[in-house]
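Every chain is numbered from 1 and lettered A, B, ... according to where its sequence line falls, protein lines coming before strand lines.
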Amino acid sequence: MSPPSAETSPAPVAGRDPDELRRLYTQMLRIRRFEEAAARAYTQGKISGFLHLYIGQEAIAVSTAELMKPGDRVVTTYRDHGFAVALGCDTGACMAELYGKKTGLVGGNGGSMHFFAKDHGLWGGYAIVGGHVPVAAGHAFASKYLGDGAVTLCFLGEGAMHIGATHEGMHLAGLWRLPIVFVIENNQYAMGTPLRRQTAVDDLTVRAPSYRLTSDRWVVRDVFETRARLAKAIDRARNDEQPGLVELLTYRFRGHSMSDPGKYRTKDEVEQWKERDPLFRAEAELRGQHGMSEEDLEAIDETVWGEMDDAVRFAEQSPHPEPEHRFLGHLVEDDLAAAAGHEPVQEGN
Amino acid sequence: MSPPSAETSPAPVAGRDPDELRRLYTQMLRIRRFEEAAARAYTQGKISGFLHLYIGQEAIAVSTAELMKPGDRVVTTYRDHGFAVALGCDTGACMAELYGKKTGLVGGNGGSMHFFAKDHGLWGGYAIVGGHVPVAAGHAFASKYLGDGAVTLCFLGEGAMHIGATHEGMHLAGLWRLPIVFVIENNQYAMGTPLRRQTAVDDLTVRAPSYRLTSDRWVVRDVFETRARLAKAIDRARNDEQPGLVELLTYRFRGHSMSDPGKYRTKDEVEQWKERDPLFRAEAELRGQHGMSEEDLEAIDETVWGEMDDAVRFAEQSPHPEPEHRFLGHLVEDDLAAAAGHEPVQEGN
Amino acid sequence: MPLLQIREALRAAIDEEMGRDDRVFVMGEEVGYYDGAYKVTEGLLKKYGEKRVVDTPIAEAGFAGVGVGAAMAGLRPIIEFMTFNFSAVAFDQILNNAAKLRHLSNGQFTLPIVFRGPNAAAHMLSSTHSQAFESFYCGFPGVKVISVATPYDAKGLLKSAIRDDNPVIFFESEVMYSVKGEVPDEEYLIPIGKADIKRPGDDVTVITWGQGVAVALAAAQLCEADGLQCEVIDLRTLRPLDDEAVLTSVRKTNRAVLVYHGWPYGGTGAEISDRIQRLAFDHLDAPVERVCYEDVNMPYAENLENLVIPSPERAAEAIKRIAYVRV
Amino acid sequence: MPLLQIREALRAAIDEEMGRDDRVFVMGEEVGYYDGAYKVTEGLLKKYGEKRVVDTPIAEAGFAGVGVGAAMAGLRPIIEFMTFNFSAVAFDQILNNAAKLRHLSNGQFTLPIVFRGPNAAAHMLSSTHSQAFESFYCGFPGVKVISVATPYDAKGLLKSAIRDDNPVIFFESEVMYSVKGEVPDEEYLIPIGKADIKRPGDDVTVITWGQGVAVALAAAQLCEADGLQCEVIDLRTLRPLDDEAVLTSVRKTNRAVLVYHGWPYGGTGAEISDRIQRLAFDHLDAPVERVCYEDVNMPYAENLENLVIPSPERAAEAIKRIAYVRV
Ligand SMILES: Cc1ncc(C[n+]2csc(CCOP(=O)(O)OP(=O)(O)O)c2C)c(N)n1
Ligand SMILES: Cc1ncc(C[n+]2csc(CCOP(=O)(O)OP(=O)(O)O)c2C)c(N)n1
Ligand SMILES: [Mg+2]
Ligand SMILES: [Mg+2]
């Protein structure tokens, strides 16, 4: 695959503060290491189910987290660990969720694909492609209804652009001028299907006018640029009644999920994208422009790995959910009754 | 509502042969009278269910019928009588269907919303908004697969543009370059909802590029113009692997269905559109430019009414379907068994 | 007591709840300017404005999903499906979002949302517009399902549904909107999950809901001529089922017939039959019978539709059959 | 006889039918270049080319509808759902188009189409990816429904499904694709609508399908210790149901337990239970029992999932209970 057409050269972004870059770099690294730890646990057979890694796309979650105000929401897909880590969820709880433990982010109910942390602004990872788009529009609808000034950020893969729910959700958001930004993380593939076999167009923002959404589109190489341009879209949605559609050209370095060897891509292509890897580039900048030493960088990595080792340990040592837990989370009154110590009642059994 | 923006002045269309116009006029009139007869029967309580009239949009069905080659298909909505009549279905069988009679176009199974006449190229009237769009794409898929050279014409209301199935069907057609033309009959309303409350855009062909469909858009005032421009879209789809999206600005003079008094429109608006009515304009042209006499015109109308009276008589005198008919049309083998004189078997009874 | 149509009773319920709680809003096709395809929401736009009475484009998955999202965010949406047939395109939103998000999030979210609209056959609308959806939705853990047959029940149960903190699927019927009945002036709620004995009797238990209720009552009438007293139980709530009400009656009559609009294979009807044979096995003097649609796509033709839809005569026949009355 | 995995048997069926009839084609997500998400279609793109092995974007309603349209136009599509969970967004296409168009058109169209893919829970995929769809689709007049549990059945029934002139919903299972079994070299077809006795026995009839089959057989094994001989019937076709096979066995054993993957409320399980109580009422010595999912959304956590999914132990308990063996 050739490099994407929108190789927009990032305008030199003002304010490349080394401390800030270092902070953002560390956040990106935390996501990467979290997922590497998770992948290892998966390979060791300690966690199961589906595991979709975000490796390569971290700058998006990190930029987003930077921009969120209290009350703002992130709604995303099954590829959701990056957002959880970036938004400040405890990595132990995230790892424990992958292990299906009681201490997991959602108590072992959802697993990798369904991270939810309302208090951190993570309104969920959703596993039916496109199905979350109307839901996210609903969050934005509520914000407009309540006048709470919050913005909803709805992330989706480029593969989700072709399904009905996405169309309907975007259409309603445009019609009703909802405070929402739809962010396509175009990582070039939907499972093994490259964009050119998914759709007849190259540029997905061509759809924006049909919904009266504003649009922007760039290659995610630089976390500052990504933050700055996302900020504009968010601002338009929050303050100008201009919902937006943003296409981010990015890449996942791993397979679609752990079971995918990713044979449909050439080494060359992967290498090309590795050069754009915002984490790699941030590291190079820290090392080059900002003169950070190898030891300093290694120290960061060690701290981060330390956190992830702790997370794994926490997950491994955590208990399984209690058997009765499976009856909770269905009807509110059952949850209340359980909290008050009552036995669960089962319909039809 | 103000007149639509695309008030494209029809380029003087060559070949306005009076005989041809007279023929097309008669066809349009047949549709109108058919529906007037149906509406009367409905008001008299002789037919029931939903009845969606096509009055005002007849030029579209008539132009389409003119352009169809053997093997071409029309797929449309519940507003389907016009196509049936234009495509040459027996008006008696059509009327009998509305009466739910054995002699009906589909034996009383489908009623007004589900006219099917494969042999006439009518591949059906569908009643779930947008649900027919992927099916029509499937017909075109089969044409491409079989190399049969046929084109599928898929009609939909403007209200159907906002639902998922439409998006998916159009998207697949564009991706796979299928021989199909999607024709939006934008009659300005989806039930009582005017376009401006359905979508944030004015021009629905703005969507065409997202699917890589060619597009065209005009006000349906003139049956020749409509035929000529539709012909081009069909030709591109048939010969150039260019599926198309055409938006036709039109109007229904009646309510959405018989139960709708249409209170959401002003008299003025209706009057404005009546001036564009292709049937009315064709009549004026026949009378004016081509010097047809009042008697000649009345004679046509009388013949047409005669046909419709016969249709009503036929419908009224036709028998109801046999009770066993309700078990047919489900599994092929049951139909074959019934044809061979066997009793129907019922699952679960 | 004033006589109201079911549509008026429903409207009163919505109106009262909207008046009581700012977070309640109505959304759907033609609910606003058109006053509702079946006039249930008539006048509400005028009273509450566009903010709370929201017309939508034709996009059921879209606005069902918007409702789900809005409920997560603290609103209390009432989503109208013009008919439940159109909920088929929103099936995933109900199955995978409405019914699951509280569970997936481990209780972080509460989803107080009502999906309502007419269900099952009306008259000569052919197969795509004549389907009974309770058989699908009753299967979903995480939702409640209600089906109403009188103005009194409609009002009291819709109010309860709107106040309920769980997703509720609420079934009405086009052909019953004009049915009239007494509705008290003062406010009342009917608890979800409680069946109602619409006619007491000792000989055969007839279990029914929705459009089936009138059929069952007419059948009970027919059976009187044969000296059979039917107890007609209107379930009203289909999930959770009021097992106690059903079993108490069956233990008394030792016979049960189900009368309802819906296909025969599986679904709510089969579930009830299964529960009775399982939970009242030793009390049954005859198999449980079901009188419902024939196993076909609904034909348009009136004479055929009348055969497919359960009639009082067909129901009475089944009642007599299991009561071993020679028919 | 060669030992094949279920995935290989399915592939062989598709391959043979594609070889036999040019109009047969496969369509779905990742069926081509990726060789199938679960490798059922491996190698078919290479053999038959892009025309007949068609990768789609993620648009289930779209490609299910394309399949329906193509079938109307004379092709014989095999539509793969990556899993049946994703068919929820195509529900309307199956309900209102696939199952109805022959009827609506009064027999003008024939719809030889197969919708196939894995169904029900696999392992730790959580609730949106662990659902059993037969309970919905078995209800539709106008379709056939199949669920397979062995390589032999998988091949023979898929071939029959592809040749059938009606829409067929064909259920497989992720966790069973690697199950091996003997499959003859020579061509064979298994008739749709015929159950198979997977283990004969006189004491209790155990009715099952799909993933339930292995559970039922293991439970039967467990029950032997208590001197109980179970007759395990694999229904294989769920619509139309093989009433005769079920009733013959129940008339012999006077007891029936259903073991399957799926929710308890309604659906296929309740239907079978209802038929048994209705058609073998006088033969039953105990109520029909059902061993299936608990009535919850499937949790991700392994320990919880194992409790929700029917186990041989839970099935054996139910068998013994209705055989009145003290447990
Ligand atoms: C409706 C639906 N169909 C199919 C799937 C299976 N599936 C899961 S992820 C995926 C690919 C999605 O690709 P994309 O949207 O580009 O997101 P990415 O995985 O690249 O982040 C598919 C086909 C699904 N989850 N939901
Ligand atoms: C999925 C779905 N939702 C709702 C309806 C009810 N309905 C039937 S026609 C219609 C309006 C359609 O408007 P449009 O597409 O503009 O076509 P027109 O009737 O104007 O020809 C609606 C809402 C339906 N049939 N299907
Ligand atoms: Mg992607
Ligand atoms: Mg319209």
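With chain C as partner, the option from A:H167, A:H139, A:M170, A:M113 having the largest number of non-hydrogen pairs under 4.5 angstrom is A:H139. Among A:G131, A:G110, A:G111, A:A165, the residue making the largest number of heavy-atom pairs under 4.5 Å with chain C is A:G131. Taking C:P112, C:S105, C:G142, C:P240 one by one and counting their heavy-atom pairs under 4.5 Å with chain A, the maximum is reached by C:S105. Counting heavy-atom pairs closer than 4.5 Å to chain A, the top residue among C:V143, C:V68, C:D92, C:V89 is C:D92. Comparing C:D22, C:L75, C:D165 by heavy-atom pairs within less than 4.5 Å of chain A, the highest count is held by C:L75. The candidate from A:L172, A:L105, A:T152 with the greatest count of non-hydrogen atom pairs under 4.5 Å with chain C is A:L172.
Remark: the A:H330 side chain and the C:N166 side chain contain no N/O donor-acceptor pair separated by less than 3.5 Å. No side-chain donor-acceptor contact under 3.5 Å links A:Y145 and C:R23.
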Which pairs would a plain distance check flag for residues 174-182 of chain A, meaning a side-chain donor or acceptor within less than 3.5 Å of a matching protein atom at least two apart in sequence or in another chain?
| unit_1 | atom_1 | unit_2 | atom_2 | d |
| --- | --- | --- | --- | --- |
| A:R177 | NE | A:E241 | O | 3.4 |
| A:R177 | NH1 | A:G174 | O | 2.7 |
| A:R177 | NH1 | A:R212 | O | 2.9 |
| A:R177 | NH2 | A:R212 | O | 3.4 |

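Between the NZ atom in C:K144 and the CG atom in A:L331 there is a gap of 5.5 Å [rounded to 0.5 Å]. Taking CD of C:Q108 as the start and NZ of A:K118 as the end, the distance is 7.5 Å to the nearest 0.5 Å. Summarising the geometry, atom NZ belonging to A:K144 is positioned 11.0 Å from atom NZ belonging to C:K51; distances are rounded to the nearest 0.5 Å.
Counting heavy atoms from C-beta on, the side chains of A:V332 and C:R102 come closer than 4.5 Å. For the pair A:Y126/C:L101, a side-chain contact is recorded, criterion being any heavy-atom separation below 4.5 Å from C-beta on. Between A:V135 and C:Q93, the closest side-chain pair of non-hydrogen atoms falls below 4.5 Å. Considering only heavy atoms from C-beta on, C:N106 comes within 4.5 Å of A:H325 through its side chain.
No donor-acceptor pair under 3.5 Å is formed between the side chain of A:N109 and the backbone N or O of C:L104. Listed for the C:N97 side chain is no donor-acceptor partner under 3.5 Å among the backbone atoms of A:H132.
Heavy atoms only, all atoms of each residue included: A:H171 and C:P57 are closest at CE1-CG, 3.9 Å. Heavy atoms only, all atoms of each residue included: C:A61 and A:E168 are closest at N-OE1, 3.2 Å.
If you look at A:F141 and C:F63, their ring centroids are not closer than 6.0 Å.
Within a 6.0 Å radius of NE2 in A:H320, no more than 12 heavy atoms belonging to other residues, nucleotides or ligands are found.
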